[in-house]
Protein chains: 2
Amino acid sequence: MRDDVKDILRKHDLKATPQRIMVYGKLLELGHASADMIYTQLNKENPEMTVATTYNILESFVKAGIIKRLFSSTNKMFFDINTKPHCHIYTETGDHYTDLFDPKLTEIISDYLLSKKIRNFEIEDVSIEIVAKRKNEKNYK
Amino acid sequence: MRDDVKDILRKHDLKATPQRIMVYGKLLELGHASADMIYTQLNKENPEMTVATTYNILESFVKAGIIKRLFSSTNKMFFDINTKPHCHIYTETGDHYTDLFDPKLTEIISDYLLSKKIRNFEIEDVSIEIVAKRKNEKNYK
DNA sequence: CTTCATGCAAAACATTTGCAAAAAG
DNA sequence: CTTTTTGCAAATGTTTTGCATGAAG
């Protein structure tokens with residue numbers, strides 16, 4: 001698994017440093033996380049991990065296209081290990097994303113947007129965030 | 001128009017202070033803006049306008065439901081004067097939103113999401129951000 | 001009057017910078 | 001070896017706090 005990560009990094013012209021492997025591994029573990037969360041957790045496990053490095057690495061990963069920067073309504077940077085198109089269910093508190101893989105919805109939207117060219121803009125990506133609140137356990141069956 | 005704003009505020013149990021009227025008016029003028037932009041512009045026009053008050057007011061407006069907090073990939077707070085469902089075209093730089101009122105797309109998505117209840121979540125709002133780059137003038141007809 | 005909003009200055013966060021030292025390929 | 005990347009500490013920028021003063025209803 002460590003080696004798989006190394007391969008992914010090298011395939012994208014990123015030197016496989018231990019710090020990069022840690023960051024990628026952590027995001028693999030968490031799925032979605034803020035830069036801050038990633039830094040805090042890694043630093044606890046390995047005190048030489050620094051803030052600046054964490055941010056550098058995340059930026060380099062986004063540039064390389066191996067992770068995605070998320071839209072958020074907080075003022076923190078969030079990232080997603082999954083780069084394929086999918087929707088998110090976003091809790092009111094803004095600190096948690098749940099993936100919603102719904103090929104049909106994704107298809108409906110991309111077909112529609114592609115069919116309808118938007119004058120003067122070239123679409124690069126579409127982000128769909130569903131703001132929702134978790135129902136309490138009693139209420140669902 | 002000043003009076004219209006007063007009415008909107010009072011209808012939502014917000015005291016119609018001059019500062020609130022200014023903030024609402026500015027967002028009406030700009031459509032979308034960051035907290036920081038609103039503060040900076042208002043403070044230039046009226047030096048007694050303060051940062052804390054600007055943030056307080058924006059927060060109270062969101063709570064009252066008369067403006068919406070936007071999703072963004074920068075780490076700044078952005079707001080939208082328009083609370084009706086619509087999509088945004090979001091430029092790469094993240095500092096500018098263009099409204100895309102597309103009743104059909106909005107309808108497609110909300111119909112789909114409503115028809116398909118998501119186990120365990122109650123949908124409150126859906127936000128669609130289309131990341132795009134502006135084509136240069138020469139390339140569009 | 002009473003309650004709620006504002007202004008101020010300081011604190012708290014999150015993110016970025018610049019640069020020397022260290023490590024990857 | 002050469003080129004990147006890391007670590008550090010300080011700087012930047014944005015948002016939040018606490019509390020006394022002032023204004024709205």
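We use all heavy atoms of the structure for the numbers below, so side chains are in, but hydrogens, waters and symmetry mates are not. Throughout, a chain's letter reflects where its sequence line sits, starting with A, and its residues are numbered from 1.
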Practice task
Indicate, with a heavy-atom threshold strictly under 4.0 Å, whether Thr17(B) touches base, sugar-phosphate, or nothing.
Solution key: sugar-phosphate
Rounded distance (Å) that lies between atom [atom2] of [N] and atom [atom1] of [X]:
X        : N       : atom1 : atom2 : result
His12(B) : dA5(C)  : NE2   : P     : 15 Å
Asp13(B) : dG25(D) : CG    : P     : 11 Å
Glu59(A) : dT5(D)  : CD    : C1'   : 14 Å
Asn56(A) : dT15(C) : CG    : P     : 13 Å
Met22(A) : dG7(D)  : CE    : C1'   : 13 Å
Ile21(A) : dT5(D)  : CD1   : C1'   : 13 Å
Asn43(B) : dT14(D) : CG    : C1'   : 15 Å
Ile57(A) : dT16(C) : CD1   : C1'   : 15 Å

Exercise for the section: Report the C-alpha separation of Ile108(A) and Ile109(B) in whole Å, then their side-chain angles, then the decisive distance to 0.1 Å, and conclude whether the side chain to side chain contact (heavy atoms under 4.5 Å, CB included) test is met. Expected result: CA-CA 8 Å; Ile108(A) 290 172; Ile109(B) 294 164; 5.7 Å; no
Practice task
Would you confirm whether the ring centroid of Phe61(B) sits within less than 6.0 angstrom of the ring centroid of Phe79(B)?
Solution key: no
Completion exercise
Angle separating the five-pair end axes of the helix from dC1(C)-dG25(D) to dG25(C)-dC1(D), nearest 10°, is 50°
At less than 4.0 Å, is any side-chain N or O atom of [X] found next to OP1 or OP2 of [N]? Yes or no.
X        : N       : value
Arg10(A) : dG25(C) : yes
Gln19(B) : dA23(D) : no
Thr50(B) : dG7(C)  : yes

With the side chain of [X] defined as its heavy atoms from C-beta on, choose the nearest nucleotide among [options].
X        : options                  : value
Arg20(A) : dT6(C), dT5(D), dT17(C)  : dT5(D)
Ala16(B) : dG25(D), dA24(C), dG7(C) : dG25(D)
Tyr55(A) : dT6(C), dG7(C), dT16(C)  : dT16(C)

Handout entry: DNA chain D: 5'-proximal contact among Val51(B) and Ser60(A) (nearest heavy atom)
Key = Ser60(A)
Completion exercise
Taken to the nearest 0.5 Å, the spacing of Lys68(A) NZ from Lys84(A) NZ works out to 11.5 Å
Practice task
Quick one: pull up CD1 in Ile8(A) and CD1 in Ile66(A) and give me the separation to the nearest 0.5 Å.
Solution key: 7.0 Å
Exercise for the section: Tell whether Lys15(A) reaches the base of dT3(D) with its side chain through a donor-acceptor pair below 3.5 angstrom. Expected result: yes
Exercise for the section: Show the numbers, then the answer: is there a side-chain hydrogen bond (donor to acceptor under 3.5 Å, both in side chains) between Asp36(B) and Ser34(B)? Expected result: CA-CA 5 Å; Asp36(B) 186 60; Ser34(B) 67; 4.7 Å; no
Fill in the blank from the handout: When Tyr90(A), Phe78(A), Tyr97(A) are each screened for ring-ring contact (aromatic ring centres under 6.0 Å, His included) with Phe71(B), the one that passes is Tyr90(A)
Exercise for the section: Might you work through the side-chain hydrogen bond (donor to acceptor under 3.5 Å, both in side chains) test for Asp99(A) and His88(A), ending with a clear yes or no? Expected result: CA-CA 5 Å; Asp99(A) 286 329; His88(A) 290 115; 3.2 Å; yes
Handout entry: Given DNA chain C, 5'-ward residue of the pair Ala52(A) and Asp36(A), judged by closest heavy atom
Key = Asp36(A)
Problem - Stepwise side chain to side chain contact (heavy atoms under 4.5 Å, CB included) check, Met22(A) with Ile57(A) - result: CA-CA 10 Å; Met22(A) 285 165 74; Ile57(A) 289 176; over 6 Å; no
